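Treat the numbers as computed from the prediction; the structure is a model and nothing was measured. In what follows, chains are A, B, ... by sequence order, proteins preceding strands, each numbered from 1.
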Amino acid sequence: MAEFLFEDIFKIERLNPDGKKFDKVTRIEAKSEKFDMFMHLDINTEIYPMKEREKFSMALSSTLNEDGTPDTGYYTQPNRKTLADNYEYVMQGKLFRISEGSGHGGRAEIDASFGGLLMMLRGDPSHFKKYELDQRLFLLIRKV
Amino acid sequence: MAAPANGDQAQNIQYTKEPFIEDVGPRRLKRMQFATLSASEISKLAEVQVWKGSYYDPNRKPIEGGLLDPRMGPANKISVCATCHGSFAECPGHFGYLKLALPVYNVGYLSNILDILKCICKKCSHILLGEGERQMFLKNMRRFKFDALKKTDLMKKIVKKCTNLTPRTMKCSRCGYINGKVKKAGSGPNSVLGIIHDHSKLIDGLEEYKSAISHDCELLYLADRPEKLIMSNIAVPPIPIRPSGIADGDRSNENDITEQLKKIIQSNASLQQELSEASSAGKHLLGWDQLQVDVAQYINSDVRVPFSMQATKRLGGFVQRLNGKQGRFRGNLSGKRVEYTGRTVISPDPNLKITEVAIPIHMARILTYPEQVSRHNIEKLRQCVSNGPDKYPGARMLRHADGSQWSLKFSRKRRADELKYGDIVERHLEDGDIILFNRQPSLHRMSIMCHRARIMPWRTLRFNESVCNPYNADFDGDEMNMHVPQTEEARTEAVLLMGVQNNLCTPKNGEILVASTQDFLTSSFLITRKDTFYDRAAFSLMCSYMGDGMDHVDLPTPTVIKPVELWTGKQLFSILVRPNANVRVYLNLTVREKNYTKLLANGREIEAMCPNDGFVYFHNSELVSGQLGKATLGNGNKDGLFSVLLRDYKAHAAASCMNRLAKLSARWIGNHGFSIGIDDVQPSEKLHQQKQETILEGYNKCDEKIKLYNEGSLPPEPGCDAAQSLEARITHILNGIRDATGKLCMQELHWRNSPLIMSQCGSKGSPINISQMIACVGQQSVGGRRAPNGFIDRSLPHFLRKQKTPGAKGFVANSFYSGLSATEFFFHTMGGREGLVDTAVKTAETGYMSRRLIKSMEDLSLHYDDTVRNASGCIVQFRYGDDSMDPANMEGKNGAPLNFERLFLKAKVTCPAGENETLSPEKVAEIVENRLSQQDMTSEGGCSVEFQTSLKCFLDEYVTALKKAREGFGLIESLAGMENSDTLEKIVLHISGVTARQLEVFLDTCISRYLSKKIEAGTAVGAIGAQSIGEPGTQMTLKTFHFAGVASMNITLGVPRIKEIINAAKKISTPIITAPLECDNNVNVARMVKGRIEKTSLGQVAKSIKIVMTNRSASIVVTLDMDMIQDAQLSIDANVVQEAILKTPRIKLKREHIRVLDAKKLEILPLEADRSKIHFNLHYLKSLLPTIIVKGIKTAERAVINKEEDKRTQMNKYKLLVEGEGLLAVMGTEGVDGHNIKSNHIIEMRMIFGIEVARRCISDEIEYTMKSHGMSIDKRHMMLLADVMTYMGEVLGITRFGISKMDKSILMLASFERTSDLLFNASITGKVDNIEGVTESIIMGMPMQIGTGMLKVRQRVDVPMKLSYGPDPILRN
């Protein structure tokens, strides 16, 4: 069983903090329970609706293979058992920036793009040591 | 081509293609000299004497001795030359001559003859100067350093000296003859053409010229004998230049020249008659005058002649043939008509590559290319030959190696069978042929580019819309021209130098010019929207759109894997940039689009997280964020997608990406649909309401201001009166309304609204356009003001007099949708007409400006020693643009060669850090220091100091930022202990660290790329510079602008200002002196200095000027308003006023007339003692006194204090802006910082600071003007222009006078302006033209010495000597 890069339960605090701009995509603002992480995430709410104050479990992984073999970058048809089976909503993307989330107490920030749907995750730097720039990321969500 | 002399050896070499050797013919033209012909020379040159004024005999044969004598050449295609027996095509014609009964003046030389006659004695023909003076002038005239211009000036001086002689010295110093006055025959309508002097009535008027001694000729700057300026024989030009056509029946159509010659012969005959009548001796010869007039009109038909002698029909003379746009010089010699061209309407085709152009098959059948038969193409050409001229892949002509030509209309089968290697087939155009494509007006070099042909059905020329920009073409009926180069050399040169791929960038400023437009932007914008998702079928279909389904595409992992597979539009763009793994393009760029909102999160820009998705970020060819719009894909951006591709991966990558984008978007938008309808411009209820509110609010504000104004309590703006400030306020409010409604529209409209999409992505239209359609059209302006009063005190009779409400002065509150009211409509047409007139007027004006610029700079080119020189080798710049960089390759802002930030980002992203260690700031500094001291970074290695410092600066900044970042984390490090430091180190690395490898890559790319950006020797920098300045001129709108910060201070900008600068105008419309202050942080000091500069008249500071009459005396008492003087901080008191009055010359008062009573009072006594006049005198003084300027600079109209806020120190800085001239006086004013003062008046700057400052001023002023119109032009072009205008040591305008002082050849000047004058002058002074420049070479049909023609390649044609290998000859012996 492969290990996730990150796993936590988030609670949605707000939808579209800067106002609704797109029909199918919603930006959610969420806070995690375990690691006190702050997140902005764009989600295709047309196929996976989300509401305010909902809780969901989110995991980040660099591969979907169950045995943890690294992702090849080539897409294979999903007719075998993968990590995604346990989750309801899965996105694939790329980590494009790690930066200091300046301000309060040296928090760090990672930005990832899932084909234009963006994620910003802010938290203590110690949680981000496994991340590499340019890394493939799979984002897995299921509601709890 | 002709074989070289030692032919037998050359025969041995087998060329695949014969090398092109320029055929210089038997002789090469090296220089030409202008001269005059004497009568005997003319008769010697001629083949025949012409004396009959008739053309044909009754048998329709040319009469011998007539004007169409066959010995002067064949008159038409049927006849043959009687002298050389050549046909019409072969014989160039021969001259004849016509003997005049009496000599007449040549009108072209009339003024020169006048000058000569003024200077010489009519008896002994010596110059009317004393021997000493004569020697002195002669010495000057012979000075080697004197160029033609100075000699002309000297000659003028001599003429002046001779004419200003007093009657006493009018006596010739040699023979004592007393010379009369010499003048031109009167200027009245009935005066004859000629010169009146002592001997003018004598028939034998040539004597004094003949005996003038040669030294005197030199003094008068004559190259030849003066008698040659008088005509006694006329050269009758050969018939081919004055062809005679035979009209139907008995009449023939004769050329103007022939007809005029006939008139001359007739008047010559009647003069002969007059002379033979003995009685006429000593009588005024009427016939002579008539002959003079006829001969004058033969040369120049515009010459003024006595009214009675005017011909009914004006015939064109020789001067008319040469002059003007259609004249010989500009119409036939500088620009020639060519073969192998085509022209039709253009239309778009996104399926073509950007380098292609679709040629209609009809054109392809007519235009040909001569292809040599070889074993590679013989089958193809055989097919072409057998198809013949009418079936498409055919040929029109076959040329054998022996030079024989055969049309392929007949017996094609045989010719196709007999085709052999070496034959040349003029085949139809085929796919891939090289075509030059051009659209007028050709304002810059990208207006003619090289494409590859695609033969297509139908009748228009088609090309990819991305190439519209360089041609400035649209498809509303535009036509374009194409040319087919006919040799392999021409094709190669065309493809390499003019190919679309090699001209993606404009040399104006290095921005990309060939880029996506219109639909392509719209569809890209829609595809990359955040909420576009495609399923597998749709996504794959779109992938196949961009490459016609022929390219390999690596399908990426879908963005959403569960619950359904979905790809996003952004992934499609990642594919577009890099379709498969074999394409090694790693694009990295960040662009802020128009809709990027600059939100700050924790004091940092949010960049990619922008809620509007306006931050475009490509990360290793993957579109990470951002909706693509004009800033990324369009032209005019240096950091856009195509610019970056072009710079990092060369033209091919950019071009193929553009091709893919064009195909994708055209096909996608065709399926998706994008149209506009009435519902797009219907405002919603809410929008309508809000708009009404906004307008009402604005109207109320305006009413308030008007009320205040009527009460007289409107606070004035600085430097304005009440009415002006009211106008300024109201205009401000009304513009606010328009902007507010525009913003409202952008907010309220649905995102699917087509106009909104177009304006957001930048494909067409602005928020204002949308607002005009939906909400409110806004203020209509005429001449930069609100609608003017066409009636008494009102704009239209629908309004009350003096009404100043928005509606009455041209504010249109309606939208185009709701419809304009009658008055609104009328105001709108007023505004519209101004726009139309303006564009019409401007095209002509800017066209002429471009022409002048080109003419003055066309021959400047870059030489191998990095200098810019003109055709005669005179250095204009020692180093082009101070760093010899090619403006077309500049990547950074403001003409900087590189954009370090982008390159650094790219280096970091393309070389992943991996496990490598990050460097400490000290280490970074050390590596940088090391690299920068290597040879290729030194100035000998080709790096300018400026580049070195900028690179160093960038890295220094980086090092400090790195230090700061480490410190930020270092703080926690100490708290958390050692165990944490590893992770922290890694994070710091990710955030801002750099590895040794990354730094090395960055430095190497910077340096190598910098060195590759050097401009090539031979580049026609002059022509490029002139185009780069001339072309933006056509786009400039509006004439004046408000001066930065100060309302009410207008300065001329736009085309008029550019014109002023380029003309080096002595008087400019808005001279402004910018005077910094010695103490610039105190507004009171600024006011004081302002008071010193601004002119203050006595009337302004006087409380009263009264006439005081007592019984003992009468005087004027002036009382000064001391309170006001104190307020204005002027140091004026009665003494100052007294001095001022004394200094005014108009008032002839002496010191004793003015008595200072006390500090604020003075008494002025009248000048006149006479009691009867004293009253008038007093009143005269009283009216004059208020206008006396007591303080300030007379030439300075007014001064305005300009407040500037320094952003860093939060301090206000003050400086003075002085309207008017008088730089020197302002400089000398106490409190003004004279070291940093400047003026926008170039001539004044030149007078006071010298030529170097003038040069700087020119380039700064052009830059400022262009910048205020939002146009960026590389500074190198402006520097070059400034250098051209100043390199002769004085400021020369780009006008006919300035250009003629720039050391140019006669032919070039003649092709510019005043053609005939220049030619006449050149022949008198015997000018020599070395045929070095561009125009001269074109006129003489020779390759010019610029670009690829700069050097001659010497190719070794003979076989190198065979070396025998063996023992050394010394040993052998």
Side-chain angles (χ1 to χ4, degrees), chain A residues 16-19 21-25 27 40 42 44 46-48 64 71 73-76 78 82 84-85 87-94 96-118 120 125-126 128-129 131-134 136 138 140-141, chain B residues 528-533 554-571 574 581 597 599 602-604 606-613 617 619-620 622-627 751 908-909 912-914 965 968-969 971-972 976 980 982-984 986-988 990-992:
Chain A
N16 290 322
D18 303 297
K21 307 269 180 186
F22 300 100
D23 290 349
K24 297 181 188 168
V25 174
R27 176 165 292 183
H40 272 168
D42 293 332
N44 185 345
E46 195 194 26
I47 56 166
Y48 191 70
L64 283 184
D71 189 65
Y74 289 100
Y75 182 52
T76 37
T82 59
D85 295 348
Y87 288 86
E88 294 161 349
Y89 180 78
V90 181
M91 289 203 290
Q92 174 272 146
K94 186 180 199 178
F96 68 93
R97 199 169 63 164
I98 305 175
S99 61
E100 58 207 299
S102 69
H104 16 269
R107 285 163 78 85
E109 193 179 295
I110 58 167
D111 294 82
S113 161
F114 303 94
L117 305 180
L118 299 169
M120 186 273 291
S126 56
F128 298 135
K129 57 181 167 190
Y131 296 108
E132 293 275 341
L133 215 59
D134 249 355
R136 292 259 145 234
F138 289 92
L140 307 107
I141 288 177
Chain B
T528 52
R529 238 182 101 85
K530 213 173 215 171
D531 57 354
T532 41
F533 294 94
D554 291 346
L555 197 68
T557 317
T559 287
V560 181
I561 299 171
K562 261 184 103 170
V564 279
E565 279 181 353
L566 284 179
W567 283 262
T568 64
K570 290 205 172 75
Q571 285 186 296
S574 308
T597 43
L599 275 179
N602 299 328
R604 208 163 47 93
I606 49 164
E607 298 199 333
M609 291 303 284
C610 166
N612 290 329
D613 208 16
Y617 185 11
H619 186 98
N620 277 342
E622 237 177 277
L623 181 54
V624 156
S625 75
Q627 202 170 352
W751 70 267
K908 275 176 81 167
V909 172
F969 281 96
L971 251 166
I972 328 153
N980 227 350
D982 241 21
T983 42
L984 278 172
K986 206 165 175 190
I987 285 162
V988 171
H990 283 314
I991 293 165
S992 53

Between the main-chain N or O of A:G116 and the side-chain N or O of B:T568, is there a donor-acceptor pair closer than 3.5 Å?
no
Is it the side chain or the backbone of [X] that comes within 4.5 Å of chain B heavy atoms, both, or neither?
| X | value |
| --- | --- |
| A:L140 | neither |
| A:F138 | side chain |
| A:D42 | side chain |

Working to the nearest 0.5 Å, report the span between CG of A:D111 and OH of B:Y617.
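One gets 9.5 Å once the value is rounded to the nearest 0.5 Å.
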Any chance you could measure A:K21, atom NZ, to B:T597, atom OG1, to the nearest 0.5 Å?
6.5 Å
Taking all heavy atoms of [X] and all of [Y], pick out the closest pair and write down the distance.
| X | Y | value |
| --- | --- | --- |
| A:D23 | B:D531 | N-OD2, 2.9 Å |
| B:M609 | A:M120 | CE-CB, 3.6 Å |
| B:K562 | A:D85 | NZ-O, 3.6 Å |
| A:Y89 | B:P563 | CD1-CD, 3.7 Å |

Just give me the residue among [options] that pairs up with chain A most often, heavy atom to heavy atom, under 4.5 Å.
| options | answer |
| --- | --- |
| B:G569, B:P611, B:S574 | B:P611 |
| B:K570, B:H619, B:Q571 | B:H619 |
| B:V564, B:D554, B:L623, B:N612 | B:N612 |

Checking side chain to side chain contact (heavy atoms under 4.5 Å, CB included) for the pair A:F22/B:D613: CA distance, chi angles, key distance, verdict?
CA-CA 10 Å; A:F22 300 100; B:D613 208 16; 4.1 Å; yes
By salt bridge (charged side-chain N to carboxylate O under 4.0 Å, His left out), which residues pair with A:K94, not counting sequence neighbours?
A:D134, B:E622
Go through the steps for B:I561 and A:Y87 under the test side chain to side chain contact (heavy atoms under 4.5 Å, CB included), then give the verdict.
CA-CA 11 Å; B:I561 299 171; A:Y87 288 86; over 6 Å; no
